[in-house]
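Following: one structure in structure tokens, then a few remarks.
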Amino acid sequence: MTSAEAKTRIQQLTDQINHHNDLYYNKSKTEISDFEFDQLLEELIKLESEHPALRLADSPTQRVGGTITKEFASVIHQYPMLSLGNTYSAEELTDFDGRVAKGLDGDAYKYFCELKFDGVSISLIYENGLLTKAVTRGDGVRGDDVTTNIKTIRSLPLRIKANDVPTRFEVRGEVFLPKEVFKQLNKDREDIGEETYANARNTASGTVKMQDSTEVAKRKLDCYLYYLLGEENEVETHSEAINKLERWGFKVSPTYKKCNTIQEVLDYIHTWEKKRHELPLETDGVVIKVNSLEQQERLGFTAKSPRWAIAYKYKAESISTELKGITYQVGRTGAVTPVAELEPVFLAGTTVKRASLHNANEISRLDLHLGDYVFVEKGGEIIPKVTGVDLAKRKSSVKKVTYITRCPECDTELIRKEGEANHYCPNEKGCPPQIKGKVEHFIQRKAMDIDSLGEQTIRQLFELGLVKTPADLYDLTKENLLKLDKVKEKSAQNMLDGIAASKAQPFESVLFGIGIRYVGKTVAEKLAKHFKTMDNLRQASYEALLEAPEVGEKIAQSVVEYFKDADAMREVERLGKAGLQFESNQKEPELVSSVLGDKSFVISGVFQNYERDQLKDVIVAHGGKVLSSISGKLDYLLAGDNMGPAKREKAEKLGVKIISESEFEGMIKG
Ligand code: IVH
């Protein structure tokens with residue numbers, strides 16, 4: 001393909017993919033299958049890696065991340081990012097309305113109501129239609145440049161194609177993690193033995209500031225926009241601005257309403273008080289804005305907030321109910337979680353029967369007694385939370401809750417590691433929920449994907465003594481399965497077929513499925529790609545593991561410990577004998593050129609345009625080799641930012657040529 005052809009094709013692919021992205025994430029529509037979409041994206045990634053200079057500013061490949069930021073640059077806001085005054089009652093709101101009326105000298109005015117989204121505020125700058133900067137609120141005057149992270153948000157247009165786009169404008173909104181995404185994120189973390197996040201807002205805030213934008217891309221942040229600023233917007237009211245944002249392809253929550261009177265505002269507040277719980281994100285109030293921009297200007301600002309807008313905050317819904325008892329759940333990793341069993345009550349859209357108590361510290365902090373009336377609240381936490389005890393209702397006969405010392409499932413003495421809040425049941429190989437949990441983890445979709453087996457089947461197979469470890473699944477016979485409740489010939493065959501088909505699942509799925517602590521799906525993929533076979537991984541030293549992408553000390557330690565365990569080794573051997581994939585079939589990147597003509601590279605440091613992994617692929621794709629240590633035979637040390645001085649010294653001493661990222665790009669452009 002000539003450079004001119006590549007340019008045309010890159011343009012076409014960029015437009016097409018951006019169009020499908022917008023359809024899917026903003027309009028919930030699809031015109032092509034996921035497979036077709038992935039193919040387009042893959043083609044674009046490949047073309048861009050061959051012609052890095054032709055990548056367009058609105059390239060959708062930025063959505064997958066690939067940039068590491070060690071320190072975010074500080075940016076001064078053109079218009080300070082102020083906060084809003086808060087009100088908690090109809091009276092306070094009426095006072096606000098009075099101040100607005102007075103400030104406008106009796107002129108008529110209207111309001112525009114929106115929900116108050118509970119996320120992280122962001123300011124976006126567009127120049128000539130392109131998203132050029134995304135800045136956090138910071139202290140209101142100066143924030144952090146988080147552009148590369150924000151560009152991973154799929155619903156956000158990277159380029160605006162409309163004929164009335166000003167040369168420069170700013171738009172503000174709220175970045176959030178949808179409730180469902182947050183729930184799944186916590187489920188995944190629990191699954192690999194990581195502590196769960198407390199609430200969606202803080203997690204969104206942490207995500208926006210992550211150093212690795214590839215990680216940000218995986219978190220599936222979303223963003224609602226609600227404020228257009230700039231000198232050339234040609235709108236007279238806030239509602240026109242909102243319509244404009246919608247037309248330009250921004251995601252605007254459809255929950256807004258124009259209100260003619262403060263009574264209509266109160267009705268809006270009332271309507272959304274309950275209904276807001278059905279929305280895909282957390283909201284904590286309503287924002288009321290004077291609709292006319294000219295009137296907004298007349299009303300102006302105090303030092304801290306606009307006089308033309310105010311937030312009405314819903315009270316965190318709290319209800320008191322009886323604490324019937326405490327149960328203790330044991331997870332796959334042995335972590336014990338205390339759960340409050342409550343007299344069922346209706347709260348914020350659902351009936352609440354149970355609430356997490358997190359750990360023993362929380363129980364002591366609350367000074368819980370059985371039979372207490374406890375306050376239950378639903379904040380940004382999704383799972384309701386016990387916030388306190390209604391002491392006025394405490395009876396004298398109540399008994400203080402004492403934390404269990406033995407596992408409720410297998411009676412083993414619990415342990416609590418220094419510095420950890422959770423108790424653990426150490427009986428990893430004999431504790432039923434831990435055993436069943438491991439098999440359930442193994443059959444899940446991201447692992448061996450055996451959907452003909454479910455939680456109930458696993459439970460029965462365990463109770464009948466037929467399955468104690470994942471490898472036992474591959475020894476099951478039809479006779480075994482016919483012993484299960486309601487299982488007839490056909491479903492037994494189905495299960496066997498599902499088990500047999502799982503043998504084709506790729507190595508990375510097997511690696512995730514065997515359940516090494518802290519090895520989630522992404523890490524399993526990286527390990528599979530780096531070590532290629534189970535044998536290589538098994539033999540890898542702690543130091544060798546640390547060289548693999550995304551592997552830090554905690555994971556390296558965990559992998560080493562896993563393979564030191566004789567039972568785990570036996571299990572892995574049985575799985576191998578059963579015919580599971582123990583070798584990576586991730587294909588080597590196709591040879592794009594041979595300009596690097598067998599030259600060898602060591603990669604060190606952090607790069608502007610590539611993740612380290614990608615860089616390896618590019619080198620191989622152009623006929624080069626990647627080595628892990630510097631020796632006299634090495635041709636090039638490819639040095640990024642923050643490379644250690646020792647490496648540079650060694651390379652210099654051995655006469656190895658040190659090249660920069662841009663020099664390297666020059667080499668592959670030929
Ligand atoms: S308008 C000059 N509208 O609430 C004020 N803010 O307490 C412009 N927020 O920093 C803000 N939903 O992060 C506005 N519909 C909405 C909002 C909203 C949430 C946040 C925003 C702001 C904070 C103010």
Side-chain angles (χ1 to χ4, degrees), residues 77-88 92-93 96 99-100 103 111-124 134-144 146 150 153 169-178 199-202 204-205 207-209 221-230 233 235 237-239 241-246 250-259 265 268-269 271-272 275-276 279-293 295-314 379-380:
H77 295 294
Q78 188 184 353
Y79 311 93
M81 285 181 89
L82 300 176
S83 62
L84 293 168
N86 289 328
T87 57
Y88 296 88
E92 284 179 307
L93 201 57
F96 164 76
R99 291 196 298 274
V100 169
Y111 287 118
F112 193 87
C113 289
E114 291 160 15
L115 285 169
K116 188 166 191 301
F117 311 111
D118 199 9
V120 190
S121 46
I122 194 84
S123 150
L124 309 172
V135 186
T136 62
R137 184 183 132 91
D139 61 7
V141 173
R142 183 195 276 276
D144 287 334
V146 288
I150 293 301
I153 299 177
F169 70 91
E170 180 174 342
V171 57
R172 291 184 184 167
E174 208 77 359
V175 173
F176 61 92
L177 269 179
N199 69 61
R201 204 203 80 87
N202 291 356
S205 160
T207 304
V208 166
K209 295 283 293 284
L221 291 169
D222 206 343
C223 182
Y224 276 147
L225 288 310
Y226 48 66
Y227 194 17
L228 175 64
L229 295 111
N233 292 325
V235 284
T237 60
H238 180 62
S239 60
I242 289 292
N243 294 148
K244 200 162 231 186
L245 290 179
E246 287 174 322
F250 287 101
K251 193 160 177 167
V252 174
S253 166
T255 49
Y256 59 75
K257 189 171 189 276
K258 213 153 84 180
C259 293
V265 171
Y268 177 89
I269 290 173
T271 307
W272 283 103
K275 231 167 79 173
R276 70 197 172 101
L279 296 171
L281 82 165
E282 300 291 342
T283 52
D284 59 351
V286 169
V287 180
I288 301 117
K289 303 174 180 173
V290 169
N291 197 29
S292 151
L293 302 189
Q295 291 181 336
Q296 285 187 3
E297 214 166 297
R298 273 165 64 195
L299 289 162
F301 296 84
T302 69
K304 274 192 287 183
S305 51
R307 288 200 192 84
W308 46 266
I310 200 152
Y312 176 94
K313 296 272 279 254
Y314 289 117

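Remember, predicted model here, so these are calculated numbers, not experimental data. As the structure lists them, so they are numbered: ligands from 1, and atoms in each ligand from 1.
Between Val135 and His77, the shortest heavy-atom distance links the atoms CG1-CE1, 3.5 Å.
Heavy atoms of Lys289 come nearer than 4.0 angstrom to ligand 1 in at least one pair.
Ranking protein heavy atoms by distance to atom 4 (O) of ligand 1, first place goes to Lys116 NZ, 3.3 Å. The closest protein non-hydrogen atom to atom 10 (O) of ligand 1 is Ser121 OG, 3.8 Å. Closest to atom 12 (N) of ligand 1 among all protein heavy atoms lies Phe117 N, 3.0 Å.
Considering both main-chain and side-chain atoms, Tyr227 never comes within under 3.5 Å of ligand 1 through any nitrogen or oxygen pair.
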- Task: Check step by step if side chain to side chain contact (heavy atoms under 4.5 Å, CB included) holds for Leu82 and Lys304.
- Result: CA-CA 6 Å; Leu82 300 176; Lys304 274 192 287 183; 6.0 Å; no
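Of all atoms in ligand 1, listed by their number and element, those nearer than 4.0 Å to a heavy atom of Leu115 are 12 (N), 15 (N), 16 (C). Annotation for ligand 1: atoms under 4.0 Å from non-hydrogen atoms of Pro306 are 2 (C). In summary, the atoms of ligand 1 found under 4.0 Å from a heavy atom of Glu114, numbered by their order in the structure, are 3 (N), 15 (N), 16 (C).
Using cut-offs of 30° and 60° for the angle between ring planes, the Phe112 and His238 rings count as perpendicular. Between Phe250 and Phe169, the ring planes are perpendicular. Angles over 60° get that label, and only those under 30° would be called parallel. Using cut-offs of 30° and 60° for the angle between ring planes, the Trp272 and Tyr268 rings count as tilted.
Considering OH of Tyr227 and CD of Glu114, their distance stands at 11.0 Å, rounded to 0.5 Å. With rounding to the nearest 0.5 Å, the separation of CG in Leu293 from CH2 in Trp308 is 8.5 Å.
At a 4.0 Å heavy-atom cut-off, ligand 1 touches Glu174 through the side chain alone.
Taking only non-hydrogen atoms, the option from Phe112, Tyr79, Tyr226, Trp308 nearest to atom 17 (C) of ligand 1 is Tyr226. In this structure, of Ile242, Val175, Leu84, the residue bringing a heavy atom nearest to atom 24 (C) of ligand 1 is Leu84.
Thr136 places a side-chain N or O within 3.5 Å of a backbone atom of Asp144 that can act as its donor or acceptor partner.
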